[in-house]
Amino acid sequence: MNFVPMEIMNQTTSKKRVAIVYGLRTPFIKSGTLFKNLTSLDLGKIATLELINRTEIDPEYINKVIFGTVLPSIKTSNLAREISLGAGVPASVPAFTVTSACASATQSFTSGVESILSDDTEVVLVGGVESISDFPVLFSKSFRNMLFDSSKGTNILQKAKPFLKIGVSDIAPDVPAIAERSTGLTMGESAEKMARQNHITRKDQDDFALRSHGLASKAQKEEIFRREMVKTFIPPEFNEPVIMDNSIRKDLDIVTLTNLKPVFDTEYGTVTSGNSAPLSDGACVLLLMSEQRAKALGYKPLGYVRSYAYSAVDPKDQLFMGPAYSTPIALDRAGLTLKDMELIEIHEAFSSQVLSNLRAFASRKFAEDKLFRTKALGEVDMDKVNVTGGSLAIGHPFGATGGRLILTLLYALQRRQAKFGLATICAAGGLGASIVLERE
Ligand SMILES: CC(C)(COP(=O)(O)OP(=O)(O)OC[C@H]1O[C@@H](n2cnc3c(N)ncnc32)[C@H](O)[C@@H]1OP(=O)(O)O)[C@@H](O)C(=O)NCCC(=O)NCCS
């Protein structure tokens, strides 16, 4: 049996509610383009400063700052602390950084929720950031050993000695792989495996990618993302602000998608750059408060946290099935069913991953074999899913996407005057997270 027991984390059963007072994100920008000279710290600061500005929250009221990120920033390992200080939050406010692959912002969010529910804090800034453009590059281990030995030398000869045997391979850069350590498979290869095992055709994947771009470009045209977005001026010129996600293709058609060659299995594969989320840079930040505190300060929150759950499966199985495992637990904890969810935001890492999860939601066999439940979670009504497109079109800055799902869901619930919504995300390592949100 390859089932890995759920990692049951915290249950939000107390009467106290956590309010999401406000949230913002930078545009999500294709890596190597408009934000290529900005760092994660820059992006996090830009979003946080604007949130403080717009909400007019006195920074003195903030009790904690938590940010998630995936690619480590070598010079600012506690990125949250630097964002906090850089955005003018008092130096006396603690800050920490979390990482949980693509669920990093989700983790910062629920860590903030827990901190409020446990009465440790009342006001927490949470968020997520990623600059894939600013990915860290290491020297090879052998070269780092030479540098280490050299640093111990007390004169020039001793300092030079470790480098005498240097070879070309020693100076080759060591770049981070977007691959699963325990299986060696890249994320794209894992998506291929899911497509194969769940019989998700190339056409299904391309149709879903087209849907994502179609809905996102409609939303962009209607300026729906404006509310959740901070205009981002790029230093040093600070000329024209960046105000739009730049991976959304407004004139995309199925023929263009069909003609793309598979990237990860070039011979027999079905996963292409069109049905994979593009590598992106961006940041997202949310202001959390206890309901009581939010109301006392006169805020009208965007929504409240009803419940949440995390899951983990063996990465050797299907890597991105997290939502299919964490959603039933989150719904049980919320005392609600899938049908009660008026909107669903599911992270689109790859078309094959979203479609695999949605099929698992509807599958009695999956429920019986993997969840040990007698009934499937249910068929999803696609009119409720990613109604303004998803990561395939909008982009996917790893550490920030979990926050964007929450933000996008809250604004969508508001537009539809709906009450309950689900945000769910898969992550490398076989992780999954689901959050049920509610409006007043
Ligand atoms: C798939 C991936 C490898 C593509 O990277 P890339 O080759 O640098 O992507 P590009 O943007 O250069 O696109 C390659 C080509 O596809 C085209 N393309 C990309 N997205 C497209 C889309 N949605 N529709 C049509 N064409 C598209 C580009 O125009 C480009 O065409 P060209 O070569 O004629 O210029 C990269 O986006 C990736 O690794 N994504 C997955 C990220 C990941 O692992 N996430 C983890 C999830 S947990």
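The chain is numbered in sequence order, starting from 1. Both counts, for ligands and for their atoms, begin at 1 and track the order of listing.
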Q: Are any side-chain N or O atoms of Ser140 and backbone N or O atoms of Ala172, one a donor and one an acceptor, separated by less than 3.5 Å?
A: no
Q: Given the protein's heavy atoms, is any one of them under 4.0 Å from atom 6 (P) of ligand 1?
A: no
Q: When you measure from the side chain of Gln353 to the backbone of His347, do you find a donor-acceptor pair of N or O atoms at a distance under 3.5 Å?
A: yes
Q: Side chain, backbone, both or neither: which applies to Ala277 and ligand 1 if a contact is any heavy-atom pair less than 4.0 Å apart?
A: backbone
Q: Can you find a protein heavy atom closer to atom 29 (O) of ligand 1 than 4.0 Å?
A: yes
Q: Atom 36 (C) of ligand 1: which protein heavy atom is closest, and how many Å away?
A: Leu279 CG, 4.1 Å
Q: Does the residue Ala209 have a heavy-atom contact with ligand 1, meaning some pair of atoms that are separated by less than 4.0 Å?
A: no
Q: Take atom 26 (N) of ligand 1 and look for protein heavy atoms under 4.0 Å from it; say yes if you find one, no if not.
A: yes
Q: Which atoms of ligand 1 have any heavy atom of Leu260 under 4.0 Å away?
A: 16 (O), 17 (C), 25 (C), 26 (N), 27 (C)
Q: In terms of side-chain geometry, is the basic nitrogen of Arg306 or Asp340 positioned less than 4.0 Å from the acidic oxygen of its partner?
A: no
Q: Please could you name the atoms of ligand 1 that Phe320 approaches to less than 4.0 Å, counting only its heavy atoms?
A: 48 (S)
Q: Considering only the protein, which heavy-atom contact is closest to atom 43 (C) of ligand 1, and what is its distance?
A: Phe350 CZ, 4.0 Å
Q: Should the proximity of Pro278 to ligand 1, defined as any heavy atom under 4.0 Å, be assigned to the side chain, the backbone, both, or neither?
A: backbone
Q: In terms of residue, atom name and distance, what is the protein heavy atom nearest to atom 4 (C) of ligand 1?
A: Ser273 CB, 3.6 Å
Q: Does atom 48 (S) of ligand 1 have a protein non-hydrogen atom under 4.0 Å from it?
A: yes
Q: At a 4.0 Å threshold, what atoms of ligand 1 neighbour a non-hydrogen atom of His213?
A: 23 (N)
Q: What atoms of ligand 1 come closer than 4.0 angstrom to any heavy atom of Cys102?
A: 48 (S)
Q: May I ask whether atom 45 (N) of ligand 1 is less than 4.0 Å from at least one protein heavy atom?
A: yes
Q: Look only at the side chain of Asn357 and the backbone of Phe320, and say whether a donor-acceptor pair between them is shorter than 3.5 Å.
A: yes
Q: At what distance is the nearest protein heavy atom to atom 11 (O) of ligand 1, and which residue and atom is it?
A: Lys30 NZ, 2.4 Å
Q: Are there protein heavy-atom neighbours of atom 33 (O) of ligand 1 below 4.0 Å?
A: no
Q: Answer yes or no for atom 16 (O) of ligand 1: protein heavy atom present at a distance under 4.0 Å?
A: yes
Q: Taking the side chain from Thr97 and the backbone from Leu79, do they hold a donor-acceptor pair closer than 3.5 Å?
A: yes
Q: Checking the side chain of Thr424 only, and the main-chain atoms of Ile346 only, is there a donor and an acceptor separated by less than 3.5 Å?
A: no
Q: Show which atoms of ligand 1 fall inside a sub-4.0 Å distance from at least one heavy-atom site of Ala349.
A: 47 (C)
Q: Against the six-membered ring of Phe148, is Arg144 placed for a cation-pi contact (under 6.0 Å from the centre, within 45° of the normal)?
A: no
Q: Taking the side chain as every heavy atom from C-beta outward, state whether Ile171 and Ile166 have any pair of such atoms under 4.5 Å apart.
A: yes
Q: Does the cation-pi check pass for Arg25 over Phe225, that is, NZ or CZ under 6.0 Å from the six-membered ring centre and within 45° of its axis?
A: yes
Q: Side chains of Ser104 and Thr69: any donor to acceptor distance under 3.5 Å?
A: no
Q: Looking at atom 18 (N) of ligand 1, what's its closest protein heavy atom, distance included?
A: Arg249 NH2, 3.4 Å
Q: With a heavy-atom distance limit of 4.0 Å, tell me whether Thr186 approaches ligand 1 through its side chain, its backbone, both, or neither.
A: neither
Q: Would the number of heavy atoms belonging to other residues, nucleotides or ligands and lying under 6.0 Å from CZ of Phe135 be above 12?
A: no
Q: With atoms numbered from 1 as shown, which atoms in ligand 1 lie under 4.0 angstrom from a non-hydrogen atom of Phe398?
A: 45 (N), 46 (C)
Q: With heavy atoms of Met187 as the reference, note each atom of ligand 1 found under 4.0 Å away.
A: 44 (O), 46 (C)
Q: CZ of Arg373: more than 12 outside heavy atoms within 6.0 angstrom?
A: yes
Q: Taking heavy atoms and a distance under 4.0 Å, where does Leu257 meet ligand 1: side chain, backbone, both or neither?
A: side chain
Q: Please check if a non-hydrogen protein atom sits closer than 4.0 Å to atom 40 (N) of ligand 1.
A: yes
Q: Is any side-chain heavy atom of Thr327 closer than 4.5 Å to one of Leu422?
A: yes
Q: Main chain of Phe350, side chain of Ser276: is a donor-acceptor contact present, judged purely on distance under 3.5 Å?
A: no
Q: List the closest protein heavy-atom neighbour of atom 24 (N) of ligand 1: residue, atom name, distance to the nearest 0.1 Å.
A: Leu252 CD1, 3.4 Å
Q: Examine the side chains of Ser40 and Ser131 and answer whether a donor and an acceptor come within less than 3.5 Å of each other.
A: no
